[in-house]
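Worksheet: one structure, shown below.
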Amino acid sequence: MARGKSINLFLMDGDANGRMKCTLANWTGVAYKIPRTELDRCKERDDLKQSGVYFLFGKTEDTDKDVVYIGQAGARKNGEGILNRLQEHKRNPEKDYWTEAIVFTTSNNSFGPTEISYLENRFCGLTTQAKRYVVKNGNDPTPGNITEEKESELEEFIDNAKIIMGTLGHKVFVPIIIPATVSDADVPLALNSDTSDEILYFDHSGVKATGRRTTEGFVVFKGSQIAAKLTKSCPDPTLRNREKYADKIDANYCLMEDILFTSPSSAASFIGGASLSGNATWCNADGTTLKKLEEK
């Protein structure tokens, strides 16, 4: 059974939308959440002149997808480290998409080149596997060569970083579902770590799909069909989602990845290409609608 964690979240500017500093009890790690517009106010923070790993978060202009760039910064002879690297990114026109940075460093300045290379590699791998964000890194970072003792130490750092990252508002390391298989059917069973809802089925106008409610909304599973044609009354949000997820739909109008929607209705409308009620169109294996299931 997982134990509780005591997290210290300090609003540096007294504003929930401003800079934040985050630590865990009995942990030497330190995390900062810094809006792009507030970088200049961090010049006097000594721990941001150290080595560390950082994340640049933003959205794509064309499809409004969540994007992230993951990088590392080593402490330099002139005393500049993470903050100087972030300022370089701020001046770079090719990285104008990001709106906030999250930084991981230590309170005792214990990260060297080996440590930050390993962390950058692991963070990139976890983010890519989770498939929630578009990773903007051009090259895969190398993990470097570390001892098994150091690897164990850094993996513990990563476990704590996962907790803090989620607390600061980004589920960049968290897969949408934990895939498995359903007996007698080649359908992913979305055993989400925080939900026990059963698999639901969509069968409308010859289009069939499967999905599941989660604490974040509704996941439609990989392999589900979607309608090839959209109705004239198709809602604007559905049109935007069709454009947003166009790269996840194959030539046969089947999903190539699981997709998370905000509600059962937005999922149903996306699949059917029309204005549809998720409570009426999603049913369990016995044919009971989602509406009736929730009334129980």
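Note that this is a predicted model, so its numbers are computed, not measured. Worth knowing before you read on, the calculation uses all heavy atoms, side chains too, and leaves out hydrogens, waters and symmetry mates. Throughout, residue positions are numbered sequentially from 1 according to the sequence presented.
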Quick one: CG on D13 to CZ on R19, what's the gap to the nearest 0.5 Å? 4.0 Å
Do R242 and L230 have side-chain heavy atoms sitting under 4.5 Å apart? yes
Has the side chain of K59 got a donor or acceptor atom that lies under 3.5 Å from a matching backbone atom of Y97? no
Should the pair K222-E257 be classified as a salt bridge under the 4.0 Å nitrogen-to-oxygen rule? no
Looking only at atom types and distance, does a side-chain atom of N137 sit under 3.5 Å from a main-chain N or O of I70, one as donor and one as acceptor? yes
Can you get from L168 to V174 by hopping between Ile, Leu, Val, Met, Phe, Trp and Tyr side chains that sit under 4.5 Å apart? no
Test side-chain hydrogen bond (donor to acceptor under 3.5 Å, both in side chains) on S266 and S263 and set out the steps. CA-CA 5 Å; S266 63; S263 69; 3.2 Å; yes
What residues, two or more places apart in sequence or in another chain, satisfy salt bridge (charged side-chain N to carboxylate O under 4.0 Å, His left out) together with K43? none
Residues two or more places apart in sequence or in another chain: which of them pass ring-ring contact (aromatic ring centres under 6.0 Å, His included) with F173? F55, F123
Taking atom types as modelled, find out whether E88 and N84 have a side-chain donor-acceptor pair closer than 3.5 angstrom. yes
Sequence neighbours excluded, every pair satisfying salt bridge (Lys or Arg N to Asp or Glu O under 4.0 Å) that has a member inside residues 27-37: K33-E100
One should read off an interatomic distance between I176 CD1 and T214 OG1, to the nearest 0.5 angstrom, of 8.5 Å
Quick one: pull up OG in S205 and NZ in K229 and give me the separation to the nearest 0.5 Å. 13.0 Å
Write down the atom of T281, the atom of A268, and the distance for their closest heavy-atom approach. OG1-CB, 3.4 Å
Side-chain donor-acceptor pair present, N108, S110, cut-off under 3.5 Å: yes
With salt bridge (Lys or Arg N to Asp or Glu O under 4.0 Å) as the test, would you mind laying out the steps for R41 and E38 before giving the verdict? CA-CA 6 Å; R41 300 181 65 185; E38 303 299 318; 3.1 Å; yes
Between Y118 and E155, is any side-chain donor less than 3.5 angstrom from a side-chain acceptor? yes
L83 CG to D46 CG distance, which is reported to the nearest 0.5 Å: 11.0 Å
Which distance, rounded to the nearest 0.5 Å, do you find between the CG of L24 and the NZ of K5? 6.5 Å
Check: F104 ring centroid to Y54 ring centroid under 6.0 Å: no
Spell out, yes or no, whether L56 and V67 are grouped together once hydrophobic residues are joined by side-chain heavy atoms under 4.5 Å, including indirect joins. yes
Mind checking what makes ring-ring contact (aromatic ring centres under 6.0 Å, His included) contact with F218, not counting sequence neighbours? W282
Applying side-chain hydrogen bond (donor to acceptor under 3.5 Å, both in side chains), name anything that partners D47, two or more places apart in sequence or on another chain. Y32
Interatomic spacing from CD1 in I164 to CE in M20 - rounded to 0.5 Å: 12.5 Å
Say whether, by atom type as modelled, one donor and one acceptor occur between the side chain of S269 and the main chain of L276 under 3.5 angstrom. yes
With distance as the sole test, does N252 use its side chain to make a donor-acceptor pair with the main-chain N or O of C254 at under 3.5 Å? no
Heavy-atom side-chain proximity of T142 to N121 below 4.5 angstrom: no
Can you name the residues that form a ring-ring contact (aromatic ring centres under 6.0 Å, His included) with W27, not counting sequence neighbours? F157
Hey, does the Lys NZ or Arg CZ of K208 hover above the aromatic six-ring of F202, less than 6.0 Å from the centre and inside 45° of the axis? no
Tell me if a side-chain donor or acceptor on T231 pairs with a main-chain N or O of G273 at a distance below 3.5 Å. yes
With a cut-off of under 6.0 Å to the ring centre and 45° to the axis, is K95 in cation-pi contact with Y69? yes
Less than 4.0 angstrom from a charged side-chain N to a carboxylate O is my criterion; do D247 and K65 meet it? yes
